[in-house]
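Read through the structure below, which is laid out as structure tokens, and then see the notes.
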Amino acid sequence: MEKILDKKQVDAWVAALTDWEVHAPVLEDGIWAYQPVSGAVRLNHPNTKQSPKGFAFPQREIFFSFEQIKGEPPKLTQIMPQAARHAVFGVRPCDGRGVPRMDKVFTDHVDDPYYNARRKNVAYVGLACNKPPSPNCFCLSVGGSPVSTDGLDVQLTDMGDRYFVKAVTETGKTMMAAASSLFAEPSAADKKQLKQIHADAVAHPQRKINDPDGAPAKLEASFDSPLWEEMARACIGCGICTFLCPTCHCFDINDEVQNKAPLKGQRVRTWDNCQFPDFTMHSSGHNPRENTAARLRQRVNHKFQYFHKNFGMHQCTGCGRCVSECPVGIDIVTVVNKVTENVG
Amino acid sequence: MTKKRTGVFVCHCGTNIAATVDVAKVAREMADENTVAFTQEYVYMCSEPGQESVVQAIKDNELDSVVVTCCSPNLHEKTFRDNAKRAGINNFTCEIANIREQCSWVHNDKAKGTEKAIKISRSVVRRVNRNKPLEAIAVNVTRKAMVIGGGIAGIQAALDIANAGIEVILVEKQATIGGRMLQLSETFPTLDCSQCVLSPKMVEVKRHPMVKLMTYSEVQELNGSVGNFQVKVLKKPTFVDPDKCKICDHCTEVCPVVVPNEYELNLNARRAIYIPYAQAIPASFTLDENACLGLNPVVCGKCKDVCEAGAINYDMRPETVTENVGAVVVATGFDLYGQENMPELGGGKLEDVLDGLQFERLISASGATKGHVLRPSDHKEPKEVVFIQCVGSRDPAKHCAYCSKICCMYTAKHARLYKKHVPDGRAYVFYIDIRSGGKGYEEFVQRTMEDDDTLYLRGRVSKLYRHNGKVRVLGTDTLTGQNVEIDADMVVLAQAMVPSKGTTEIAKVLKIGRDKDGFLAEAHPKLRPVESVTAGIYLAGAAQAPKDIPETVAQAGAAASKVIALLSQTTLSRSPLIARVRPSHCTGCGMCVDACPFIAIRLEGGKAVVNEALCEGCGSCSATCLRAAIDVKNVTQLQIHEMIEACLA
Amino acid sequence: MSEQQAYEPKVVAFLCKWCSSAGSDLAGVSRIQYPPNATPITIPCTGAMSPMYILSAFNKGADGVLVSGCHIGDCHYIEGNYLARRKMHLTMELLKFIGVEPDRFRMSWVSAAEGAKFARVVTDFINDLEPLGPQDKLKKVVAND
Amino acid sequence: MINIQDIRDTAKDMLAKGEVRAVIGYRRGSRGMPAEPAFITNPEQAEELVWDPTCFHNLSLYLVEDRKFLAHLNKTSDAPIAIIAKGCDARSIVVLLQEHYFKREDVYIIGVSCEGTGVVDERKLAPHLNGFQATKAVFDGDDFVFTTAEGEKRLPAREVMADRCLECRNPFPKENNVVFGEDRTGRELAEPFAALARFEAQGTGERWDFWSHHFDRCIRCFACRSVCPMCYCDECVVDSITFPVTPATTAEEKANRIRWIERSATRSENITYLMTRAMHLAGRCTDCGECERACPVNVPIRLLNNKMEREAREKFGFEPGASVGGPSLVASFLDSDPGDFIR
């Protein structure tokens, strides 16, 4: 389904999505963040600081609560996510492409009930990038495109005072049907203009990973490269790159105990981060990834080698967040290029 | 690690706890704790059968730790730790949860009291869960004692300790020992001469081979702990060598400087070089550095010139010595509450209004008037003397709340002595109550009233002022309801006893507690009346509370016996609850080293190391460390964390 | 609101062993009544009082935190309360800074002889806490977002 | 005016003579701007060193990393490391020296004075560049000059300078082995603690509204802690990112860490984390501002640290990093410390 929507009608469309809690990027405290909106949606953001992965994979969620009276078996109560349906507006194509990658892990590979309960209630309304929103964009290097519809339910393309609206999934069609009167049929000229915008978008220069296809094999060959140490020298081991990444999905599970007698608490999943020193810490004290070099290597390899081997795609979608936000200038594009250049 | 097996023993303390705390509920709740294997309640846990049941329960249930929820740990922590030991487990795995003083006695809402008792008990159960078995630390004992204050209390304590064969150092701030008792004329109720009974003891102190006397000396600093104190003493220069001084008195004859004589309570004057009393020990002159023209032969040097014995040495300098002792007795005595605090009674500015001690000097044969009762203003014999009791005492609103205890007796004594000196004189005594409990005391007061015809008037004096060369006394006789007006030749005020200035100072130096009135605090008002709260520091005499001579002597003896008992041991055990470093977490930043008040931590190889002999276990290091790398054993941050959790559960 | 549900401030009272805990014992011996809301934890000295304890107590739901030790100059460990005074000042200022009501944290000096003062300190503290209502700013929330 | 070539020559010379084992400085980032930390070990590389308004990193962090690395290898330093340090960075080094983290002779401080200016705040800069990305920044008197695709953009430094630099009282690295640039101590660009004073003028309710909002936003990526040279603990007491295990560490010890807070990035836990960090930095933070710069969600962390800094200064007369050998704030006291808050 392809339609035209006057920008002035966006708010009306949002208002018509009564089955959905609509979220859109809002500038607050100097950063763009997804926030619940009720109309007044202006999709003029570059990209959000955090990816929208939290809608299906929140930073913290409770699995179940437990209670145990001394001498008795514990009582567990599963806590499933509440059924709110989230429509996320303004998702950039790179973040859209993050969604199927998360699905690979939590839906295809294993059936994670918590992720899937949330996932089926999230719709992504994307916004094509007519020009790269960040100087560190490199989606084209990782099989993506500024006009990709992967992972999206609806794709919007900015055409000046109108959006070209394309339903990608059935959910997307339903959403558009909720306010069908607002949408107009695109003319041939509109379609031509869209084609031109998309062509220009793809032609826009971006940062470049030189040999993305060769990366898995070259990274495998570079496991022991001294470059890792050199490039990780400045790494401070914080969680910015992974927490902001649209595809990083590692987590930790903890029991949060509120009361010891009788025992009462809940089991909680929180995001974790392979760049934290304790990520691979064994209880023996042995840490197989004991320095920043090993941890940087893991992050890069996971994105460009291991995930590729498992699922046939790079885990990186080229959003450039980890590059822009790294406080000490660690740049995954440079890292991949340097390492791969060094091999054969 | 096997699971902890804690026993919780809940005491009813008769109805002391059980009346406001549902003890059965406390026991039930504690049974729900994961680590609790046994609970029991009993009416008096500290009774013989109560204690036995604890021992039995530990054995029968293979308990490894114990919580007794009862009264303050100050009372029975030792009792139950001993029981734990008797039952074969480590005594430091036994802790007390105080649900009496901190709960049942202060709350009357049973539901809320019970809830709080449960929180307190639970927090202690959680703490005990992580208590480690510890052994008390054995430390060698320095078999030597120090007595601070050379009054009758200090003299008696020093002699008693010395007679037990223990070396003792007696430190006195003034130039002679003897203290207040040496200033008294006669003592009640026997009216024997104060100096006559005291002097032999002073001489004995001087001659005793086990006593080292340090007069004109002040304690400046105390470090260490029971069994091993290090005391810094400042020896002020007397500028006179006591071994050479022949007390010929030639020096005072030539000394040009005249200053008020503090030993005579300013009733007369002395020279810059002086001897406090004829009976002074050491029998030597002292040159008052502040009064002297300059310790310089060019400026004056007269005393030095006339001293045939060559005892005077202007080059003496203050000297600080450090003495190692195992125990300390504090006997720093009392002062009288200053007359300046009593503006309605002249504020110390009215002539012929004296305090009790001044009157003692006035009638003392060795005093300023050589024992003649002459009033200071015109040196005439006073014919009408008014004695006023309870001046500053028993007056919580304005002055001291407490009863100074000895004023009733010494006022009666003063009245009798006055009549002895001035048979045709008339003595009046204003009193509130007569408190004459003590052997022969009541009879003594009665004789004062009957035999000596002293007029006792019940009531307070509202005002004193000079009138026609006399002191007009305005008062009320509350028995007749009449206002009383007396034009007295002299008025003697029985000022309240207050801790001496030195007592206030020494409490700070020794870090021992004082009570609300400033007297030195005993560890327990009934059961440990001669011990301070600091182990190894004992109290004697009026520094602890107002008391008379026999009581003072008795307390001094008691303190001495405590010292003797302590120093008869070759080793002492110290609390093992001291700091422990986790080297893995220590970065050697040294903040704990700076924070430690006892200089017990040093850095070694980039890590903090605790000197177990010096650490007192205050925990300042642990609260200062940013990385929880140092903890006090059995009071670890983990334990406190879990206690906080238990309090808020 | 029934009597049982009426708001009762929950207070953790950190008392130094030598002065304030002994002072609270004296309040007990003297049978001076005060509100039962403050649960005492005896620590060796206020010098051992880590700011973490205060933050942690609030995190675990305390409505107020009381720290009480020996008067300046009376510390059994000489300097512990001086160190505590500085640390507690900083902690208190930081709490106030982020908008925690100043009356949620209190520090007092109560000597072993001041049983009545201890009772008064607790009473005053509870009275000051009551109008503030439950402390939920720093308290851990357990539900899903 | 600092000539970067002088710094390069100094570095080159010391490396060539083997007087230092490395020089930690700044070089151009992969995107030109901002600069990034550089670890120079051979003399030729010294030519890469830059000094520009984007040299915001407090490099003393890497001295900490170096010590940890050496400790891991069970080695001690055989030659000093040279480090380029601004005023605030040098004071951080002083605090590390006070805390015996390394020895004075292990570090060779190449001081650079923030003469009339300081470093740029990229958040302030962005609106001035019309959506273009700057690829180069240079000092020019009281201005910063940026290069973008549009050409050169000259901006008064004051307008885009980091707040901490505007408020800086000590732009000169007093502790140094060699220093470049003039001592301009006393240059008052802005009232110190001005933002703090404005914030504190608000009521309890407003302050809480502000902070609860920000505490909610923290994602606990720990960039503030990771970027801070004072946060050198192997195990952070509030949220362990690692646990130092030695052969002597018992199983019980491993199993019984204190969980002051949970890993959940919820408001209460974030508060405890950020407040504890502020407490632990009291008297140690030298206001290099790196925590706030690194924060990806713009939590105003510096305000907390500033509050502690001002309390220490006004109430206890304490200046962090003033001199090697001074006491630390919370391990010392004065008789005159305020006590009126105590009942």
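Residue numbers start from 1 in every chain, and the chains themselves are labelled A, B, ... in the order their sequence lines are given, proteins ahead of strands.
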- Task: Go through the steps to decide whether D:Phe316 and C:Leu90 satisfy the test side chain to side chain contact (heavy atoms under 4.5 Å, CB included), and finish with yes or no.
- Result: CA-CA 10 Å; D:Phe316 309 124; C:Leu90 291 169; 3.8 Å; yes
- Can you check side chain to side chain contact (heavy atoms under 4.5 Å, CB included) on D:Ile271 and C:Ile98, steps first, answer last? CA-CA 9 Å; D:Ile271 290 178; C:Ile98 65 156; 4.3 Å; yes
- Item | Step-by-step salt bridge (Lys or Arg N to Asp or Glu O under 4.0 Å) determination, C:Glu93 to D:Arg310 | CA-CA 11 Å; C:Glu93 284 298 324; D:Arg310 201 189 56 189; over 6 Å; no
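Taking CG from C:Leu66 and OG from C:Ser68, the interatomic distance works out to 5.5 Å, rounded to the nearest 0.5 Å. Taken from OG in D:Ser92 to CD in D:Glu290, the straight-line distance is 9.5 Å, to the nearest 0.5 Å. Note that the CG atom of D:Asn305 and the CE atom of D:Met279 stand 11.5 Å from one another [nearest 0.5 Å]. Rounded to the nearest 0.5 angstrom, D:Glu167 CD and D:Glu309 CD are separated by 9.0 Å. Atom CZ of D:Phe102 is separated from atom CG of D:Leu97 by 5.0 Å, given to the nearest 0.5 angstrom. Remark: D:Tyr273 OH to C:Asn59 CG distance equals 15.5 Å, nearest 0.5 Å.
Between C:Phe97 and D:Phe199, the distance from one ring center to the other falls under 6.0 angstrom.
For residues 104-129 of chain C, the interface with chain D (any heavy-atom pair closer than 4.5 Å) comprises C:Arg106, C:Met107, C:Ser108, C:Trp109, C:Lys117, C:Asp128, sorted by residue number. Residues of residues 17-48 of chain C lying within less than 4.5 angstrom of chain D, judged on heavy atoms, are absent. Taking non-hydrogen atoms and a 4.5 Å limit, the residue list of residues 319-329 of chain D in contact with chain C, ordered by number, reads D:Leu329. Residues of residues 203-212 of chain D that come closer than 4.5 Å to chain C, counting heavy atoms only, are D:Thr204, D:Arg207, D:Trp208, D:Trp211, ordered by residue number.
Residue C:Gln135 comes nearest to C:Phe58 through the heavy atom pair NE2-O, 3.2 Å, listed as atom of the first residue, atom of the second, then distance. Residues D:Arg220 and D:Glu269 share a closest heavy-atom pair of NH1-CB, 3.3 Å.
With respect to chain C, the highest number of heavy-atom pairs below 4.5 Å among D:Ile258, D:Asp335, D:Leu196 belongs to D:Asp335. Chain C forms the most heavy-atom pairs under 4.5 Å with one residue out of D:Lys315, D:Arg267, D:Met275, and that residue is D:Met275. Interface check for chain D: of the options C:Leu94, C:Leu138, C:Thr91, C:Leu55, the most heavy-atom pairs under 4.5 Å are formed by C:Leu94.
Residue C:Ile72 does not touch chain D at all, counting heavy-atom pairs closer than 4.5 Å. For a residue to count as touching a neighbouring chain, one of its non-hydrogen atoms must lie under 4.5 Å from one of that chain's; by this rule C:Lys137 touches chain D with backbone and side chain alike. Residue contact with chain C, scored on non-hydrogen atoms closer than 4.5 Å, involves the backbone and the side chain of D:Ser332 alike. In this structure, the portions of D:Leu304 lying under 4.5 Å from any heavy atom of chain C include both its backbone and its side chain.
With respect to D:Lys124 and D:Asp163, a salt bridge is recorded, a charged nitrogen being found less than 4.0 Å from a carboxylate O. Salt bridge status for D:Lys307 with D:Glu311: present, with a side-chain N to carboxylate O gap under 4.0 Å. Salt-bridge formation is not detected for the pair D:Arg164/D:Glu292: no Lys NZ or Arg NE/NH1/NH2 atom is positioned less than 4.0 Å from an Asp or Glu carboxylate oxygen. Look at D:Lys86 and D:Asp89 and you find a salt bridge, because one of the NZ, NE, NH1 or NH2 atoms lies within 4.0 Å of a carboxylate O, short of that distance. Between D:Arg302 and D:Asp287 a salt bridge is recorded (basic side-chain N to carboxylate O distance below 4.0 Å).
Side-chain atoms of D:His214 and D:Arg217 form a donor-acceptor pair, as typed in the model, at a separation below 3.5 Å. No side-chain donor-acceptor contact under 3.5 Å links D:Glu65 and D:Tyr232.
Both tests do not hold together for C:Arg85 against C:Tyr82: distance to the six-membered ring centre under 6.0 Å, angle to the ring axis within 45°.
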